[in-house]
Amino acid sequence: MTETQQCRLGPAYLEGWAIPENPEAWIEQEWTGKLHSQAGHTKFHIFYYGEWMDELIAVTEFAPQLMIAEDTVTGEQIVIFDGTRHGYDALLCEVYTEEQQNNRTPLLPYLDEDGEDTFEVSVTAYYNVDWDDEFSDDVDEHGQLELINGKLCDFEEAKRNGFDAISITIISAKGLKTEIIQEELA
């Protein structure tokens, strides 16, 4: 799979959960998708772990951000971003403890300044790392790459989930767009 194809597919963990926005007009090294539940709903309550800094949800001293969308009709939950598991740094640079991965509480509900709690969600992943050039020699005969935590991962999946930056934008019922996460991950 070429870098161009990787960008068209976006994060592997969002496959089946996000529909690419304007796939025919995609920008090289950038993928944007709109979140939907398995039932096809596009309205979500947002829950997050992180602290507010410069009007964005940022990492804490304890751990990176965690963002979950909950379908307003079915209650189905989708992990939109987990900084301990997604992105270049989480896959290749930083090792997180089990406590950091599993005990980021409390998850707080997101409310906008008008008290609105229901949103559409758009995720943009940026791909500026040439994985084939940097890591092809590290891929085993089964197409697996060893991650920083010692686990093996399919190389194509690692390229898709190893984006070097992410932006999450929510859209209110009034059409107001608010970027709530903008994080460089490499």
Salt bridge Lys159-Glu156, side-chain N to carboxylate O under 4.0 Å: yes
Same cluster or not: Leu145 versus Val129, using hydrophobic residues (I, L, V, M, F, W, Y) connected whenever any side-chain heavy atoms lie under 4.5 Å apart? yes
Quick one: does Pro109's side chain get under 4.5 Å of His45's, heavy atoms only? no
What closest approach, in Å, do Asp112 and Ser172 show between heavy atoms, and which atom pair accounts for it? OD2-CB, 4.0 Å
Measuring from Phe47:CZ to Leu108:CG, what's the distance to the nearest 0.5 Å? 9.5 Å
Compare all side-chain heavy atoms of Phe119 with those of Tyr110 and state whether any distance is below 4.5 angstrom. yes
Pairwise distance CH2(Trp131) to CZ(Phe155) - rounded to 0.5 angstrom: 7.0 Å
Rounded to the nearest 0.5 Å, how far apart are CD1 of Ile171 and NZ of Lys34? 6.5 Å
Any non-hydrogen side-chain atom of Thr42 less than 4.5 Å from a side-chain atom of Leu35? no
Taking the side chain as everything from C-beta on, heavy atoms only, tell me whether Phe81 gets closer than 4.5 Å to Gln65. yes
Quick check on Glu113: does its CD atom have over 12 non-hydrogen neighbours (other residues, nucleotides or ligands) under 6.0 Å away? no
In plain terms, say whether Arg104 and Asp82 are close enough for a salt bridge, that is, a side-chain N and a carboxylate O under 4.0 Å apart. yes
Residue pair His41 / His36, side-chain heavy-atom distance below 4.5 Å: no
Keeping the roles fixed (side chain from Tyr127, backbone from Arg160), state whether a donor-acceptor pair exists under 3.5 Å. yes
Please report the interatomic distance CG(Leu66) to CG(Asn103), rounded to the nearest 0.5 Å. 11.5 Å
Would you say Thr124 and Glu30 are linked by a side-chain donor-acceptor pair, where the criterion is simply a distance under 3.5 Å? no
Is there a path of hydrophobic side-chain contacts, each under 4.5 Å between heavy atoms, that joins Ile180 and Ile78? yes
What pair of heavy atoms forms the shortest contact from Ala125 to Pro11, and how long is it? CB-CG, 4.0 Å
Report yes if some heavy atom in the side chain of Ile57 is under 4.5 Å from a heavy atom in the side chain of Met67; otherwise report no. yes
Hydrophobic cluster identity match, Trp17 and Val121, side-chain contacts under 4.5 Å: yes
Is the backbone of His142 close enough, under 3.5 Å, to the side chain of Asp140 for a donor and an acceptor to pair up by distance? yes
Ser122 vs Thr32, test: side chain to side chain contact (heavy atoms under 4.5 Å, CB included). Steps then yes/no. CA-CA 7 Å; Ser122 179; Thr32 299; 3.4 Å; yes
Sub-4.5 Å side-chain heavy-atom contact between Leu91 and Asp89: no
Of all the heavy-atom pairs spanning Pro64 and Val59, show the shortest one and how long it is. CA-CG1, 3.7 Å
Under 3.5 Å, is there a donor-acceptor pair linking the side chains of Asn161 and His86? no
If the plane angle is over 60° it's perpendicular, under 30° parallel, otherwise tilted; pick one for Tyr88 and Phe135. tilted
Quick check: is Tyr13 connected to Tyr48 through a chain of hydrophobic side chains (ILVMFWY, heavy atoms under 4.5 Å apart)? yes
Is the side chain of Gln100 donor-acceptor paired with the backbone N or O of Thr97 at a distance under 3.5 Å, no angle test? yes
Pair Ser167, Glu179: side-chain N/O donor-acceptor within cut-off below 3.5 Å: yes
Let me confirm one number: the CD-CG distance from Glu70 to Asp117, rounded to the nearest 0.5 Å. 10.0 Å
Spatial distance of atom CD (Glu183) from atom CG (Asp164) [nearest 0.5 Å]: 12.0 Å
Please lay out, stage by stage, how Gln144 and Asp154 fare under the test side chain to side chain contact (heavy atoms under 4.5 Å, CB included). CA-CA 5 Å; Gln144 302 286 301; Asp154 178 79; 4.0 Å; yes
Would you check, one step at a time, whether the test side chain to side chain contact (heavy atoms under 4.5 Å, CB included) holds for Leu14 with Val123? CA-CA 9 Å; Leu14 288 176; Val123 178; 4.0 Å; yes
Heavy-atom closest pair, residues Ser37 and Phe44: N-CZ, 3.7 Å
Do Ile80 and Ile181 belong to the same hydrophobic cluster, where Ile, Leu, Val, Met, Phe, Trp and Tyr are linked whenever their side-chain heavy atoms lie under 4.5 Å apart, directly or via other members? yes
In terms of relative ring orientation, are Tyr49 and Phe62 parallel, tilted or perpendicular, with 30° and 60° separating the classes? perpendicular
Lys174 with Glu116: basic N within carboxylate O range, under 4.0 Å: no
Do you know which two heavy atoms are closest between Thr74 and Ala39, and how far apart they sit? CG2-CB, 4.2 Å
Is a salt bridge present between Lys151 and Glu146, judged by a nitrogen-to-oxygen distance below 4.0 Å? no
At their closest point, which heavy atom of Ala69 faces which heavy atom of Ile46, and how far apart are they? CB-CD1, 4.2 Å
Scan side-chain atoms only and decide if Gln38 and Glu76 contain a donor-acceptor pair under the 3.5 Å cut-off. no
